[in-house]
Number of protein chains: 2
Amino acid sequence: MAKTRFRKRANLRDVAKLANVSVATVSRVLNTPDSVAEVTKAAVTAAIAELRFVPSAAARAINSGRSRVVGALVPTLDHAIFARYLAAIEQTLSGYRLSLVVATTKGDAAIEAEKAQTLVDIGAEGLIVSGVTHEPGLYDLIERCQLPAVATSYYDPDFLLPTIGYDNAGAGRIALQHLLDLEHSRIAVVHGSLIGNDRTLARLKGLENTGDAELSFVEADLSIEDGCKSAQTILSAAHRPTAILCLSDVLATGVLYEMKRQSVEVPKDVSVIGIDDLPGSAHASPSLTTVHLPVVRMGHATAVAISEWIENGLKPSGMLLATDLIARESTGVRRPA
Amino acid sequence: MAKTRFRKRANLRDVAKLANVSVATVSRVLNTPDSVAEVTKAAVTAAIAELRFVPSAAARAINSGRSRVVGALVPTLDHAIFARYLAAIEQTLSGYRLSLVVATTKGDAAIEAEKAQTLVDIGAEGLIVSGVTHEPGLYDLIERCQLPAVATSYYDPDFLLPTIGYDNAGAGRIALQHLLDLEHSRIAVVHGSLIGNDRTLARLKGLENTGDAELSFVEADLSIEDGCKSAQTILSAAHRPTAILCLSDVLATGVLYEMKRQSVEVPKDVSVIGIDDLPGSAHASPSLTTVHLPVVRMGHATAVAISEWIENGLKPSGMLLATDLIARESTGVRRPA
DNA sequence: CCGCCAAATGTAACTAGTTACACAGCTTGT
DNA sequence: ACAAGCTGTGTAACTAGTTACATTTGGCGG
């Protein structure tokens, strides 16, 4: 009874003893079964089964120097854009027999640095981060550990880490240009928080060359709710804009809902454009004109890059992914007032 | 030169040698710094810095027997319901200093069993699975490894593993009852794939007690796209139903869009109800009546349960989370034909 | 009938940490 | 003044695997 009371996990030597073979033989049964005689193999297999032996991942890792884990740091999981992107990463990593650990940062660089440390603590072999704004601590960590790391959602060939992403300023510019082409000259811009969010900042940067147009800005949390509120603010303004440029589809969706609620016709009374191209945007009514961000391709490319780096030591160069205007129903030529 | 050519990662003994102390002292500097004299500590710290020493996660894990990693198997990440749920899990696990590895299964039990094995291979200390339909291989694995594992999104006190979730049949029943209360008697049911999806199956089971109502069924992929298509099918039927019950909000959203496109008024001409209560559902127009599934609470509860099990050996009992009807604008009393 | 070779297996030394125990050196109490 | 006790540190034995090298065994050719 005392024996079975607290039977701790069996290890290689327990199996070896029971099967009356050496530890090396057990190890061989596990790794190179062809090099072991059938009878011996059978005995070892039986012992493994009897002891319910499961090899220790840590012990294997210590020998191989491999954990087969890569870590991804994202602001949130609760946003379709990051979820899709991580889905693509996971799928591709899986093909390289690598696993994905996800850590969320709430867009806070300090939390990010902290969570990066815990990723290193569990032995992550590579890191994927979002954007190019980080704590020095994160760079230190990457440098100290000689950790393969790539930054995504942002393309910047001069950045310390390889970047795989799109031209956020360009995406903003594309959206703005579309509205300018439609002769809009009073445009409200709805954007998410600027604190620590280089993507949003860059998109705003892309709006600098406005020609004759006059831009006004509204900041909002990244939620449909806040998109609605922003629309209210904009509609109640003295000089109503003829177009609303949302730096994210989530906000645009909220704006669209509020327009409907207030019986403002889109695009007749006001045009609305987003950036992201979420799965739902094509089905909104009116369907949302937006700038497509290739997050799925980005996820795949990122996973391939980090995998090749980890497995073959091939440090990737950056990759710029194209963003395209998807013209749908929510934008139209400004009607002469 | 030859020395620096390929300086492999420094280890404890390298640091000890350089600092002229023993390995134990270095280890103490790392783990119990207060037990080391200041001068010694400084020397060791300097050596650590000089060699860019980073302790090996695997070696630590082998001693502690801990990996601090838990694995979650979900059908997909590309669906708000799972993303929100995982976000909640990650957040709560993080509080226990545990990391989350995500593996996606495409709803395929065989892929699930396979990925569960890779989770064990990287040393996961606990497993979170979705639903109660799995391969024997998965159960074997859990049993062999004595792995803490909980099943979610489905409550079944008699299941082999502790379940933390809701009553899916009940959720279906609530939705149906709502429509019956509104005097609907011809109801179309739109549901996702039944293959290997016990949640959908259970929700359908909940629709058995129909009273006088007559139900028709349409199967669709879980996408807005397919929700639209299903609506087309339903609208073109000879005997048009007065209400559409969607077993998922994604489908309901598609149905709603199609109604708008075809100028079918909701809820005047037809009522629409969903199940899930996605973030966007409250903002649809008309806003979607649905059955709220507490996925965030489920995520938290699951994370707490698995953490307590791992850390303190407390095997959780199951937990039934309430589902509530959220009556909004998309349902109304059937108009006398 | 002996030696050579290959297949099968064992021994022991690795991987990189943690930690029980021993012990030196100094302070404090009697 | 000497024992006791505390602090700081070192030695070596652990954790659980992999693997280089050594050894045994048996078949087959000369």
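Each chain gets a letter, A, B and so on, in the order its sequence line appears, and its residues count up from 1.
B/Asn20 comes within 4.0 angstrom of the backbone, heavy atoms only, and of no base. Across all strands shown, A/Ala37 has heavy atoms under 4.0 Å from sugar-phosphate atoms exclusively, and none from any base.
Taking 4.5 Å as the limit, every side-chain heavy atom of A/Asp121 sits out of range of all side-chain heavy atoms of B/Arg68. Taking 4.5 Å as the limit, every side-chain heavy atom of A/Thr105 sits out of range of all side-chain heavy atoms of A/Glu114.
The closest donor-acceptor contact from the side chain of A/Thr152 to the backbone of A/Val129 lies under 3.5 Å. A side-chain donor-acceptor contact under 3.5 Å links B/Ser56 to the backbone of B/Ala59. Without hydrogens or angle criteria, B/Arg199 side chain to B/Ser130 main chain gives a donor-acceptor distance under 3.5 Å.
Atoms NZ (A/Lys41) and C1' (C/dA7) sit 14 Å apart, rounded to a whole Å. One interatomic measurement links the two molecules: CD1 of A/Ile48 to P of D/dG17, which rounds to 10 Å at whole-angstrom precision. Between A/Ile62 atom CD1 and C/dT18 atom P there is a gap of 10 Å when expressed in whole angstrom units. Here the P atom of nucleotide D/dA16 and the CZ atom of A/Phe53 are 10 Å apart, to the nearest Å. When the P atom of C/dT15 is taken as reference, atom CZ of B/Arg13 falls 8 Å away, rounded to whole Å. Rounded to a whole Å, the CG atom of B/Asp34 is 12 Å from the P atom of D/dT7. Here the C1' atom of nucleotide D/dG17 and the CG atom of B/Asp121 are 14 Å apart, to the nearest Å.
Closest-nucleotide positions on DNA chain D for B/Val36 and A/Val23 were compared, and the one nearer the 5' end corresponds to B/Val36. Between A/Ala24 and B/Asn31, the residue whose closest nucleotide on DNA chain C is further toward the 5' end is A/Ala24.
Scanning atom types as modelled, no donor and acceptor separated by under 3.5 angstrom connect the side chain of B/Arg28 and the base of D/dG8.
Relative to the side chain of B/Thr25, the nucleotides D/dA16, C/dT19, D/dT9 differ in distance, and D/dT9 lies closest. Distance from the side chain of A/Asn63 is smallest to D/dT18 among C/dA8, C/dT11, D/dT18.
Of the side-chain N and O atoms in B/Asn11, one or more sit less than 4.0 angstrom from OP1 or OP2 of C/dA16. The phosphate of C/dG17 has neither OP1 nor OP2 within less than 4.0 Å of any side-chain N or O from B/Ser56. Checking the phosphate oxygens (OP1, OP2) of C/dT9, no side-chain nitrogen or oxygen of A/Ser22 falls inside 4.0 Å. Residue A/Arg60 places at least one side-chain N or O closer than 4.0 Å to OP1 or OP2 of D/dT18.
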